[in-house]
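First the proteins, then the strands, lettered A, B, ... as listed; each starts at 1.
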2 protein chains.
Amino acid sequence: MTDPLALVNALDDAGYRLTAPRRSVAEIVAGRAGHFTAAEIAAEARARGIHVGRATVFRTLDALERVEAVERIDIPGGGHAYVACEPAHHHHVVCSRCGRSVEVEDGRLAALVRSIGRRTGYRIDEHRLELYGLCTACQAAPEGSR
Amino acid sequence: MTDPLALVNALDDAGYRLTAPRRSVAEIVAGRAGHFTAAEIAAEARARGIHVGRATVFRTLDALERVEAVERIDIPGGGHAYVACEPAHHHHVVCSRCGRSVEVEDGRLAALVRSIGRRTGYRIDEHRLELYGLCTACQAAPEGSR
DNA sequence: TGCTAGATGATACACAGTCTCAGGTGGATC
DNA sequence: GATCCACCTGAGACTGTGTATCATCTAGCA
Ligand SMILES: [Zn+2]
Ligand SMILES: [Zn+2]
Ligand SMILES: [Zn+2]
Ligand SMILES: [Zn+2]
């Protein structure tokens, strides 16, 4: 749950035009607690009776990512999802049942990455760490329930 | 560059049948230095005049992954690739120019992951760390060259 | 109130990956 | 070696994600 305005402003500040479709996508994105896929956003828009082209959803999520208001992560199994989140570099712990995600700071990982670079001789430009498991709520919930 | 026999044996040990298509895929996979995609394997088979259905390439890579002879990684930008590698849990440093990859041990990361689990309350079941950069050879090579 | 670069949606497209199903084959058994 | 069947295969259809194209529209500025 984020402030829709924060997303819209981020786009504005970066020089993107504030159009109706972008506002709609921003609002839907802001209303999401965990991660979400492009398809989910498109579906919710449709369900709410808002008409936004599929391509525009992708383009807007792209823009939001470039503005660092949203981050794209890889789902185990092969898909992709987005999470609304803070601009500083960090990583996510994603609940594999309900999708709720928490951000974790990079801190000690940065040091680890540097040391790997030193050891392997690679100049490491990019790294991605993603953690999957069960959030506290889902651990407490009975096995089969959804 | 791996021993094709190691891959074939891994399948055999796990109870998979040793068929001609599987041997072919194993051989092509074994001949690869860095990472590779399913499409690349299919293309190389075709180029060599070996007939292997596209579906079978996917199925065999799947089997090889299940047997832990190969690992599937996420490429920045959205695709997927595989790397032939050791069965123990570890991660990869992948050269974003030439694709050559090096394995790095999990070691200190495991501890970091545990501490993240403790801090967030999540029961972390799975984690993926992928590192991208330039290998020593590609750092040395002139800027635009391939 | 124009004007125009930038944005939109429809549609077509490219591509990865999965599924189905009729036919083929490894390898165990005799 | 011949038999047999569970497992495997290739062809091709299908699904889903993401991108490209292009005629049309519009935000934001003068
Ligand atoms: Zn984030
Ligand atoms: Zn959960
Ligand atoms: Zn590996
Ligand atoms: Zn390289």
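OP1 and OP2 of C/dG6 both lie 4.0 Å or more from every side-chain N or O belonging to A/T19. Contact annotation: B/H51 reaches the phosphate of D/dA11 (side-chain N/O to OP1 or OP2, under 4.0 Å). OP1 and OP2 of C/dA16 both lie 4.0 Å or more from every side-chain N or O belonging to B/H80. OP1 and OP2 of C/dA7 both lie 4.0 Å or more from every side-chain N or O belonging to A/R59. Phosphate contact (OP1/OP2 of D/dA27, side-chain N/O of A/R22, threshold under 4.0 Å): absent.
The distance from the CD1 atom of B/I75 to the OG atom of B/S96 is 9.5 Å, given to the nearest 0.5 Å. Residue B/H90 holds its NE2 atom at 11.5 Å from CG of B/L129, rounded to the nearest 0.5 Å.
For the 3.5 Å distance criterion, the side chains of A/H127 and B/H91 fail to qualify, holding no donor opposite an acceptor.
Aromatic ring centroids of B/H80 and B/H35 lie 6.0 Å or more apart.
The closest side-chain heavy-atom distance from A/V67 to A/Y16 is below 4.5 Å.
Applying a 4.0 Å cut-off to non-hydrogen atoms, the residues of residues 9-17 of chain A that approach DNA chain C are A/Y16, A/R17, listed by residue number.
For A/L18, the side-chain atoms get nearest to D/dG28 when compared with the rest of C/dG17, D/dG28, C/dG9. Considering only side-chain atoms of B/P21, the nucleotide from D/dG12, D/dT9, C/dA16 that sits closest is D/dT9.
With DNA chain C read from its 5' end, the first of the two nearest nucleotides for B/A55 and A/V57 is the one closest to A/V57. Comparing B/A20 and B/A38 against DNA chain C, the residue whose closest nucleotide sits nearer the 5' end is B/A38.
For C/dG17, the base has a donor-acceptor partner in the side chain of B/R54 [N/O atoms by modelled type, under 3.5 angstrom].
Side-chain atoms of A/E27 never come within 3.5 Å of backbone atoms of A/P4 as a donor-acceptor pair (strictly under, hydrogens ignored).
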